[in-house]
Amino acid sequence: MRRRPGRRAGLLAVGALVIAAAGTLAGCGSGSSSSSAGPELKVTGAYMPAPSMDTMAAGFFTVTNSGGADTLTSVTSDLSDDVTMHATEDGAMQEKESFAVPAEGTLDFASGGNHLMFAKLTHKPEQGEKVSVELHFAKSGTVRISMPVKSATYNPKTGH
């Protein structure tokens with residue numbers, strides 16, 4: 001029986017390719033979940049009620065995250081050099097250094113709850129104006145939003 005010298009080497013090469021491909025495919029399906037993926041943030045519903053005083057204003061919005069967890073670490077704006085984040089707990093307002101943005105979850109800043117406080121305003125924003133705001137996240141970096149100034153009695157649930 002006569003042997004072909006290249007046949008064995010060819011079979012070994014094909015076998016190695018099959019094993020390598022199987023390992024690569026197994027890696028593709030091995031449990032990569034959104035919690036290990038990066039955050040995917042979308043900011044909606046941003047607004048500022050027209051402030052009643054020249055020195056302070058509030059801001060509201062919702063962050064929806066369809067990826068991994070993140071943290072809102074600070075907020076800046078041309079309207080004020082003093083923008084702080086607050087939570088309302090048991091009826092009392094408390095300043096916070098940061099807010100968690102849960103994986104596959106939301107972070108709400110709404111009237112009566114979490115909110116932004118703009119102090120020492122550069123000017124009193126009027127209804128119809130848009131305020132530029134930058135939200136700074138630990139993983140996602142800076143997200144710029146335009147916050148429309150609504151009536152002082154604006155209700156986002158009714159749109160009035």
Side-chain angles (χ1 to χ4, degrees), residues 21-160:
T24 301
L25 290 174
C28 287
S30 65
S32 62
S33 69
S34 62
S35 62
S36 64
E40 294 181 32
L41 307 180
K42 181 179 179 182
V43 180
T44 58
Y47 76 98
M48 173 183 285
S52 59
M53 55 181 101
D54 296 343
T55 57
M56 279 192 136
F60 307 104
F61 56 91
T62 298
V63 179
T64 303
N65 184 3
S66 58
D70 205 343
T71 304
L72 177 62
T73 58
S74 65
V75 179
T76 56
S77 175
D78 292 342
L79 180 64
S80 169
D81 288 334
D82 186 9
V83 183
T84 53
M85 301 180 291
H86 296 263
T88 303
E89 298 169 357
D90 300 324
M93 184 173 77
Q94 181 177 25
E95 187 172 338
K96 296 285 195 175
E97 292 294 317
S98 64
F99 280 88
V101 183
E104 303 292 334
T106 59
L107 169 62
D108 289 318
F109 277 66
S111 183
N114 301 333
H115 59 279
L116 300 180
M117 290 300 301
F118 298 77
K120 303 175 191 162
L121 305 178
T122 59
H123 69 280
K124 182 180 175 183
E126 299 294 328
Q127 186 173 339
E129 187 177 333
K130 291 188 179 183
V131 175
S132 177
V133 176
E134 293 182 342
L135 306 174
H136 304 279
F137 295 91
K139 294 180 183 174
S140 299
T142 300
V143 175
R144 290 171 182 81
I145 62 170
S146 180
M147 189 173 279
V149 179
K150 303 287 189 173
S151 73
T153 58
Y154 176 76
N155 181 341
K157 291 178 181 165
T158 63
H160 305 292

Report yes or no: does [X] contribute a side-chain atom to a donor-acceptor pair with the main-chain N or O of [Y] at less than 3.5 Å?
X      : Y      : result
Asn65  : Leu41  : no
Asp70  : Lys139 : yes
His123 : Leu121 : no
Asn155 : Lys157 : yes
Asp54  : Lys124 : no

Any side-chain heavy-atom pair from [X] and [Y] closer than 4.5 angstrom?
X      : Y      : result
Val63  : Leu72  : no
Leu79  : Pro125 : yes
Ser77  : Phe118 : yes
Met147 : Leu116 : yes
Lys150 : Pro148 : yes

*asked:* Just checking Glu97: does its CD atom have more than 12 heavy atoms from other residues, nucleotides or ligands closer to it than 6.0 angstrom?
replied: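 Count not over threshold, so no.
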*Set of salt bridge (charged side-chain N to carboxylate O under 4.0 Å, His left out) partners for Glu129, sequence neighbours left out*: none
*Applying salt bridge (charged side-chain N to carboxylate O under 4.0 Å, His left out), name anything that partners Glu89, two or more places apart in sequence or on another chain.*
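Partners of Glu89 by the salt bridge (charged side-chain N to carboxylate O under 4.0 Å, His left out) criterion, ordered by chain and then number, come out as Lys96.
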*Residue pairs fulfilling ring pair (Phe, Tyr, Trp, His ring centres under 6.0 Å) with at least one residue in residues 132-160, sequence neighbours excluded*: Tyr47-Tyr154
_Residue pair Phe61, Leu135: steps toward the side chain to side chain contact (heavy atoms under 4.5 Å, CB included) verdict_ = CA-CA 11 Å; Phe61 56 91; Leu135 306 174; 3.8 Å; yes
*asked:* Using side chain to side chain contact (heavy atoms under 4.5 Å, CB included), reason through Asp81 and Lys120 one step at a time and then give a plain yes or no.
replied: CA-CA 7 Å; Asp81 288 334; Lys120 303 175 191 162; over 6 Å; no
*Out of curiosity, Glu40 CD to Ser66 OG, how far, rounded to the nearest 0.5 Å?*
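The CD atom of Glu40 sits 4.0 Å away from the OG atom of Ser66.
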*Point-to-point distance, once rounded to the nearest 0.5 Å, from OG of Ser98 to CE of Met85*: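 Reported to 0.5 Å precision, the distance equals 6.0 Å.
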*Would Leu107 and Asn114 count as a side chain to side chain contact (heavy atoms under 4.5 Å, CB included) if you check the C-alpha gap in whole Å, the side-chain angles of each, and the deciding distance to 0.1 Å?*
CA-CA 9 Å; Leu107 169 62; Asn114 301 333; 3.9 Å; yes
